[in-house]
**Q** 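Submitted below is the structure of interest, expressed as structure tokens.
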Amino acid sequence: MNIKTRSWAEPYKMKMVELLKMTTKPQRIKAIKEAGFNTFLLKSEDVYIDLLTDSGTNSMSDRQWGALMIGDEAYAGSKSYYKMESAIQKNYGYKYIIPTHQGRAAENILSKILIKKGDIVPGNMYFTTTRLHQELAGGTFEDIIIDEAHDPSNEHPFKGNVDLAKLEKLVKKYGAKKIAYISLATNVNLAGGQPISMANLKELRAYTKKHQIRIIHDMTRVAENAYFIQQREKDYEKKSIREIVFEICSLTDGATMSAKKDALVNIGGFMATNEWDVFEEARNLVVVYEGLHTYGGLAGRDMEAIALGIAESLDDNHQHARVGQVEYLGKKMQDYGIPIVKPIGGHGIFVDARAMLPHLTQDEFPAQTLAAEIFIDSGVRTMERGIVSAGRKSNGKNYYPPLELVRFTIPRRVYTQAHMDVIAESAAAVYQRRKTIKGLKMIYEPKYLRFFQAKFEKLK
Ligand SMILES: *Cc1c(COP(=O)(O)O)cnc(C)c1O
């Protein structure tokens, strides 16, 4: 038997379970109406399988839970801080670390330091909070991801790659001095959890070195990216996830991290840099926004859990089971004929709402609509990644993103294969009655990151 054809399975077993409330369809209809057809506004107790996000929803290991008890809650110089710092230095290779309460806090501090008013920030597809902090700091984000990333049916193995010609155009137009840094994400979230190749990153490093431009790494899902490099890229099949992650980080100058994703904890993040000057400034700013530089908004116990979570996330068997579960769900959905973003990404399945509900215009919020319908069908909570998430430009006009997706994000180490079956069957049931589904109208819109709190009404 070829080893590659054998099943993946979890390298862990359950020690404790959390009981879930089962609901009826009338209860779910009432709940989604009260939530203004926004799955972010549902109460979690009304949700059966929660695929809203993979952020902070991870199951911690028994070792991590044990470590909570030895957290050092000293205000300054906590032992737990030094454990976190050393886990980051050893596994990722960055020199200087600033802990933060989560990823966006690291983005806030870093953007304030590196972006001047009028600067350009090129990146491989935007992320909501990342771009907002870049804009609030006076920068303008420019998308330099390859065109294939915007095509949900294109099977390019590295849809997170940077198009160097797009970058070159920006450098020619504005001059390298106007480029604050390259905002480089691994396993690009909004492209559907799609990886960047090591070859592309090496080319980008060579180009940016020549023009003296920094690469700042959004390393929120770096381990999942490394898994795909190991599976798909020549010369990397024999390297461990740990080695590949280290190499990725070595090709960048600094990072922001939401530890709530890959690093297997429920809260936390950090900023990292290899430059002393940047670190000095960050150490000044973190006390304004987060807390002292040796805790940055985290409890000592959180830092203990992060230090262990980083190490656990780099285990090859963990990543195989993690991405294997996502692939299992995706293949099942494809078998039902449901249009999903291809290739299947690392942290979830992204259903192409435009392809599924072609009778709705983008202003009728196809992805928002679909997420609400899936909840009504089964109590599975998903989320919109389309026009609502994209928000408005600084001139007040809506962004019209090419992708209109519903994200089925899989929390790490939380659900079973039987849960995956229930999810796929629910998506299939909605798919079967797709032609009868009506769109939505927005009746309340918050100023920032509107997808979190916007409210909608069903169109008649
Ligand atoms: C979640 C996320 C962030 C922001 O991190 P938070 O911990 O939610 O503040 C930044 N970038 C990417 C790619 C993310 O997925």
**Q** Partners of Lys83 by salt bridge (charged side-chain N to carboxylate O under 4.0 Å, His left out), sequence neighbours excluded?
**A** Glu304
**Q** Lys239 vs Asp316, test: salt bridge (charged side-chain N to carboxylate O under 4.0 Å, His left out). Steps then yes/no.
**A** CA-CA 10 Å; Lys239 293 226 158 106; Asp316 282 32; over 6 Å; no
**Q** Is Glu107 salt-bridged to Arg104, going by a charged N under 4.0 Å from an acidic O?
**A**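 No, this pair does not count.
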**Q** Working to the nearest 0.5 Å, report the span between CD1 of Ile120 and CD1 of Ile115.
**A**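 Ile120 atom CD1 to Ile115 atom CD1 measures 10.5 Å (nearest 0.5 Å).
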**Q** For the residue pair Asn189 and Arg385, confirm or rule out a side-chain donor-acceptor distance under 3.5 Å.
**A** no
**Q** Can a donor-acceptor pair be found between the side chains of Ser61 and Glu312 at a distance below 3.5 Å?
**A**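 Distance-only check passes for Ser61 and Glu312.
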**Q** Could you tell me whether Trp65 atom CH2 has more than 12 heavy atoms of other residues or ligands within 6.0 Å of it?
**A** no
**Q** Under 3.5 Å, is there a donor-acceptor pair linking the side chains of Asp143 and His150?
**A** yes
**Q** If we count only N and O atoms by modelled type, under 3.5 Å, do the side chains of Arg407 and Thr409 hold a donor and an acceptor together?
**A**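 Their side chains do contain a donor-acceptor pair, which is all the 3.5 Å distance test asks for.
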**Q** Any side-chain donor paired with an acceptor under 3.5 Å for Thr128 and Arg131?
**A**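 Looking only at side-chain atoms, Arg131 and Thr128 do not form any donor-acceptor pair under 3.5 Å.
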**Q** Please say whether more than 12 non-hydrogen atoms of neighbouring residues, nucleotides or ligands are located less than 6.0 Å from NZ in Lys166.
**A**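 For Lys166, atom NZ is crowded (more than 12 foreign heavy atoms under 6.0 Å).
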**Q** Mind checking whether Tyr96 and Phe279 have parallel, tilted or perpendicular rings, split at 30° and 60°?
**A** parallel
**Q** Can you see which heavy atom on Ser59 is nearest to which on Gln64, and at what distance?
**A**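 That closest heavy-atom pairing would be O-OE1, 4.5 Å.
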**Q** Look at atom CD of Glu155 and say whether more than 12 heavy atoms of other residues, nucleotides or ligands are closer to it than 6.0 Å.
**A** yes
**Q** Do the rings of Tyr94 and Tyr92 sit parallel, tilted or perpendicular, given the 30° and 60° boundaries?
**A** tilted
**Q** Do we see a donor-acceptor contact under 3.5 Å between the side chains of Ser183 and Tyr126?
**A**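 No - no donor-acceptor pair under 3.5 Å links their side chains.
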**Q** If I compare all heavy atoms of Pro157 with all of Arg232, which pair ends up nearest, and what's the gap?
**A** O-NH1, 2.9 Å
**Q** Below 4.0 angstrom, N of the basic side chain to O of the carboxylate: do Arg450 and Glu445 qualify?
**A**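 The answer is yes: the pair qualifies as a salt bridge.
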**Q** Between the side chains of Thr186 and His217, does any donor sit under 3.5 Å from an acceptor?
**A** yes
**Q** Can you tell me how the ring of His211 sits relative to the ring of Tyr207, calling it parallel under 30°, perpendicular over 60° and tilted otherwise?
**A**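 Tilted, since the angle between the ring planes falls between 30° and 60°.
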**Q** Applying salt bridge (charged side-chain N to carboxylate O under 4.0 Å, His left out) to Arg381 and Asp50, what does each step give before you reach the verdict?
**A** CA-CA 5 Å; Arg381 169 156 71 173; Asp50 203 347; 2.8 Å; yes
**Q** Give a yes-or-no answer on whether the side chains of Gln362 and Asn398 include a donor-acceptor pair shorter than 3.5 Å.
**A** no
**Q** Counting neighbours of OH on Tyr399 that are heavy atoms of other residues, nucleotides or ligands and sit closer than 6.0 Å, is the number greater than 12?
**A** yes
**Q** Is a side-chain donor-acceptor pair under 3.5 Å present for Tyr295 with Tyr81?
**A** no
**Q** Is there a salt bridge (charged side-chain N to carboxylate O under 4.0 Å, His left out) between Asp151 and Lys159? Walk through the geometry before answering.
**A** CA-CA 9 Å; Asp151 172 2; Lys159 283 166 99 172; over 6 Å; no
**Q** Roughly how far apart are Gln134 CD and Glu142 CD, rounded to 0.5 Å?
**A**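 That separation rounds to 11.0 Å.
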